[in-house]
Structures are given as C-alpha cells and as structure tokens.
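Below is one structure, written out as structure tokens; comments come after it.
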Amino acid sequence: MSESKAKNTSKKPKTQTMQFEAEVSHLLNIVINSLYTDHEIFVRELISNASDALEKARHRQLTEKDDMADSDLPLEIRIRVDEEAKTFEISDTGIGMTRDEAVRNLGTIAHSGSREFLQSLGENGTDLKDLIGQFGVGFYSAFMVAKKVTVHTRSADPNAKPVVWTSAGAGSFDIRETESLPRGTTISVDLKDDKDRYAKADEIKELIKRFSNFVAYPIFVNDEQVNTVQPLWTKNPSEISEDELKEFYKFVADAFDEPMYHLQFNADAPLAIRSILFVPGQNMESFGMGRMEPGVSLYCRRVLIQNKVEELLPDYFRFIRGVVDSEDLPLNISRETMQDSALVAKLRKVLTKKLIKFLASQADEDAKKYDEFFKQFGVFIKEGVASDFDYRDDLAKLLRYESDKTADGETTSLPQYVEKMPEDQKAIYYISGPNRDAIEAGPYLEALQERGFEVLYCYEGVDDFVFNNLREFEGKQLISADQSDLKLDDEPAKDESNDDESGDDKAEDKKDEPKSDEEREAGDLASWIKNQLGDAVEEVRVSKRLVKSPAALVNPDEFMTTGMKRVMQSINKTGMPIGQLVLEINPKHRILSRLNTLRKQDADNLLAKQAASLLLTNAQIAAGLLIDPKTMMEQSTKILEAALGEE
Ligand code: ADP
Ligand code: MG
C-alpha cells in the first residue's frame, strides 16, 4: 500500500502497463481477427459512448453543478478526421473518467453487452457475424479499424487527475497521468492502412446520419454540425414519420432489427407523460442469450434520469424498448429512491395499462401480425399471467393458442373460446404436447371432441404452469384434458372405479350399485392389469372417456398436471416415478378384448403379460413422458419372443 503511494507521488507521471482482463483479450482477438465486415459500427459505438457520457454530465450539472469540473463547458461531441494522417478522433465534454474508472471500464468486461456477447459465443450454431451485429461490442469495436487507440480523459470530479490510456489491442494497455485537460474524453484512433475511409469527413457525416441522428447533443465533424437535436418524443406525433420511428428505435434500443410495433403515448393526467415505446422485431431471449435487461429510459424534461429503468414496467415487459419523459418526476431521483417513489409506481401503472390495451388493440386490428408477435413474445405475456395478479385477467386475454378447432398455425384466444362454448360445456380444456401431430395422435382429445368441446393446444412447458396459476377465466375453470376428472356432466363422478383392489380406499358413492356382467368383467381385467403393472401406476381403471384409444394415462392430481411432470422429468433427465398416474383402459378396444380372452384362459399367459406392460409404455409415450430406451428394448424383445412362440 505505502509502496504504491510512493510511486504515485513521484514527480514525473509514470506509465504503467497493465494486462487486459482475460475476457477482454479474448474479445479483442475476436474483434480484430473476425471477418466481420461492418467495421463502420465503431463510429456509432463511440458516439453512443460520448452521448452516454454527456447525459451523465448534464444530469450532474443540473443536480450538483458546484461540484463539477468545467461546469460551463457546452455539452457537445466533436469529431475530427485527417485523411493524410489517417486518424479519426472523437471528443466529448461528458462525465470523463478517473484513472481507476479508465482501468476498470476500458480494461475489464464492464458492460453487459460484451459479457452477453462472450457468453453466447459458447452457444452452438450462433454466427459470429450476427452476434457482433446484434450486440455491438462497444468501445472495443474501435480495434476493428485501429492500429492504436489513445484515450485522453478528465473526470467531472473536480479532484481527479487527467489520464492517458493507450493500447494496440494486444493483451495490454498503458496508462499514465497527464497535464491539465478540459472535462471529458477524447478518443484518437490511428487507422489501419486499409481503413482510411474513416478519415474522410463525408464518409463519417453519412454514417452519423444513418446511425446517430437522434443523439441529443450537437455533433460536429471538422467543426461543421451534422445532426439535428430535437428529441423525437417532444415532437407532435403527427409530424413523426415511420422512417424516423424506425431509426429512433435502432438508436434507443441499440438494435439492428426493425420494431414490430410502436406506441406513441402522450398524456397530461394523471401524469404528464410523453413516450415512445417499441416492441422489437426479435425476441433476443429466444436466441439463448440469457435474460434481457429492461429497455426503457426515463427522462424528465429531456434530461436523462436513468437508462434501463427496472421500476418503470413490470418484469415481464422487459422486452419493451423506448423512452418515457415525465416532467412530474424530480430530476434528482436516484436508483434507490426510484424503488419507493410513489410517482414512479404511478407511472408504471399507467404505462402497464396502456401497453396491455395497446397490444389488445393490435390483436383486434391485425390478428395475423399479432400471432407473429405472440410467437416471439408470447412467453413474456405468459410470464405476466402467472406472476402479475393485478393485470392477470387482461393479460390472459392476450394469450393465443392453437386448438382442435383452429387450422394448423392459426390461433384462438380465451374470450373467443368462451364465446363459442356449447351450453353444456362448463370448463375450458387444454392439453399440452410437443406439437399438433403428437397431441392429435394421443388419447386425450376423444372424450371432449365427442361432445364438441374445443381443446386448446399447449406446446410450451410453461403453459401448464400458466393455466394452473390462472385457474379460471371468466368464471370457467381451466382443466387439462389429461386430468382424471374432466368434470363432464354426463361422466360419472370422480374416482369411479370397478376395481376393488386398486388401493384406492376413498369411499365411493356408486360402489354399491349393481354392476352388469360386462362391467364386472371389465373390472376384473383392470385389476388383472394392475397386478401385472404393480407399483408402476397408482391405479388401473375402466375408462368412460376413451373412444378410439386402447388406454391412456390420466392424472388424478389437479395441481401437478402431466405437463408439469413432463417438465420436471426433462429437468431431471430421468424417468421420474409416475406412481401418481392412473391408467385408464378402454375394454371395448380390440386389443383389450383380446387381452381379456387370453388372461381368462390363462392368468399367467406370457403374451398377455407382456402386452399389459407395453400398453402402459405406449400410454406413457402418448402422455409425452420419458421412457428409458433400454426398458423398451427389453420389452419388445420379450413380446417378440412370446408372440413367436417356442421352437
Ligand atoms: P457500454 O457503453 O455498453 O457501457 P462500452 O464498451 O461502449 O460499453 O464502454 C465501456 C465503458 O467505458 C462505458 O460503460 C463507460 O463507463 C466507459 N466509457 C466509454 N467511453 C466513454 C466516454 N466517452 N466517456 C466516459 N466514459 C466512457
Ligand atoms: Mg457503449
């Protein structure tokens, strides 16, 4: 400690050479050596950093003016290019960096974009070019065009010493203190020989028009101002063109795609709000890039209060990008006070309601486009239904599902479903499975289809969870079609079983009713099968629902649906015990009636025994549960042996 202090106080500023954090070196290697061709994005990245630094300076100027270096400097960005010297230089009068900040911000993976970038490199099949395009690699993109990068910076902190940071990108950087500098940062790039086009003023002006037109500070190129600085959200909505909105989206979202929807929302009461919100074209989370950060920035009278404000919208709307400006907010609101600010809570409420209403209106206006939206972002809506009690019912109206009554790829909503329900239908039915074909090949639709009841198809693991949480919609209970009690009026009550040995010791109303011979025999068959299967199922019972299928696994547990069991199995990667499931058999099916004949002739008939266990395996497959392939092999070998008979 004392040693390093002694070094720092020596007269001549010492240059210290430091290693980049390993991740940065890795990133720089990729950036420098990749075949990525859009090198020009470095201009946008450096301007974006300058603009961020200026926003911070403006904020500080307005809240703690007395405690800021060069507080009267105009807030602006100046770019200087020199064709002969092959240099590109960008200066801002922003917040600057102290020595420590420069070491940390430029030498470690400080910002989340780069971290995500590196993480997603590990994902299979992700194209490097796409990745750089999607994230931008921030400051490091300068190394795509630079032989050497030099950063002069002076923090807004009045006591800070100016520093110079340099690097050629190869493993290390140098840092030293320097003589006085005005507040802000200048980044000088010595261009590689084949990158000299970035030393041409016209080229740079062109790029600024394309990428950085919405920067709220004047940008000068060789002393000529090239941008207009009126923030878009302060313009009258009717004066904003579609193209402007698209460009603005790319600017605020740091995105390269086009927005799917945009919402311009202005209000005077209960809060003064001017906002432009976007739904991106792509759901980045679906690329396997981890959780998205919230993407709405909060302004007060055009001054940035904070980027990516978490409190502004519920978590499930984290995919929304844009800007909210409210003059009712105090400028000095901090990250901490944001959390318990009643104003922010109010703002959040207004925005959430507005967004839900907006999405509903888009769905009404253009159902096809909304389906596209839902394909990408439906998972967030589902998250909302499961987590936000306040808006649950409104969010539930935004859900879309295919069903047995929609064409492949088309969807229905819960309100549409309820409206079409026949009078004798009391509940809303759904079934989960990997896709339409798998669901329709399964045994669960037949009972409901017989009665003309629509069944929603759920293809995602989360759906079961969502419906379980929602429980009901417009007073109609949501029931998974593989549940043992489907609550069909004409179906006998729950736990109807003809089997006395089923292990079910609940008293049953109908137990004492006289049974027909046919019923008794079906019951005997069920208990014979249960004997063969042992503990593999909780119960074997005669089905009242099956029409075409020989057998089906149903779930006696309303809370833990088969879909949820499936999800848990896939998490465990094991065949979780399915003891909680009930095998229903259809005695009228040819397979069962043959099986019955065989087992009556000989209760130990080998083929009959093997057939019983295969019946369960098939029912497990139809339920989408995991089957150990080895067990299946053994099973089919045995059944082949039994079917082919003795030599
Ligand atoms: P990001 O902008 O996403 O944070 P960058 O790689 O672009 O990531 O920049 C890294 C960090 O370096 C920034 O977060 C900021 O702290 C610092 N930085 C970069 N450029 C400047 C600048 N012109 N003025 C002040 N700080 C800067
Ligand atoms: Mg940046």
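Quick caveat: nothing in here was measured; it's all calculated off a predicted structure. Counting begins at 1 with the first residue of the sequence. All ligand and atom numbering here is 1-based and tracks the order in the structure.
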Could you tell me whether a side-chain N or O of Asp257 sits under 3.5 Å from a main-chain N or O of Gln282, the two making a donor and an acceptor?
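A pair under 3.5 Å: yes.
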When you look at Gln230 and Arg302, which way does the side-chain hydrogen bond (donor to acceptor under 3.5 Å, both in side chains) test go after all the steps?
CA-CA 9 Å; Gln230 187 187 7; Arg302 306 175 190 196; over 6 Å; no
Flag the pair Phe42 / Tyr198 as yes when their ring centroid distance falls below 6.0 Å, and as no otherwise.
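Distance test on ring centres: under 6.0 Å, yes.
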Does the ring center of Phe380 lie less than 6.0 Å from the ring center of Tyr316?
no
Below 4.0 Å from any atom of ligand 1, is there a heavy atom belonging to Glu45?
no
Ligand 1-proximal atoms of [X], by part, heavy-atom distance under 4.0 Å:
X	value
Asp92	side chain
Glu101	neither
Asn105	both

Hydrogens and angles aside, do Arg274 and Tyr299 bring a side-chain donor and acceptor to less than 3.5 Å of each other?
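Not at all, the side chains of Arg274 and Tyr299 share no donor-acceptor pair under 3.5 Å.
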Distance under 4.0 Å to a non-hydrogen atom of Leu106: what atoms of ligand 1 satisfy this?
12 (O)
Close-contact set for ligand 1 against Gly138 heavy atoms, below 4.0 Å:
5 (P), 6 (O), 7 (O)
I need the full list of ring-ring contact (aromatic ring centres under 6.0 Å, His included) pairs touching residues 329-355, with sequence neighbours left out, sorted by first then second residue.
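Not a single pair qualifies under ring-ring contact (aromatic ring centres under 6.0 Å, His included).
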For the Mg ion (ligand 2), decide whether Ser48 has an N, O or S atom at a distance under 2.8 Å.
no
Any N/O of [X] closer than 3.5 Å to an N/O of ligand 1?
X	value
Asn49	yes
Tyr140	no
Ile95	no

Report the relative orientation of the aromatic rings in Trp165 and Phe139; use parallel for angles under 30°, tilted for 30 to 60°, perpendicular for over 60°.
perpendicular
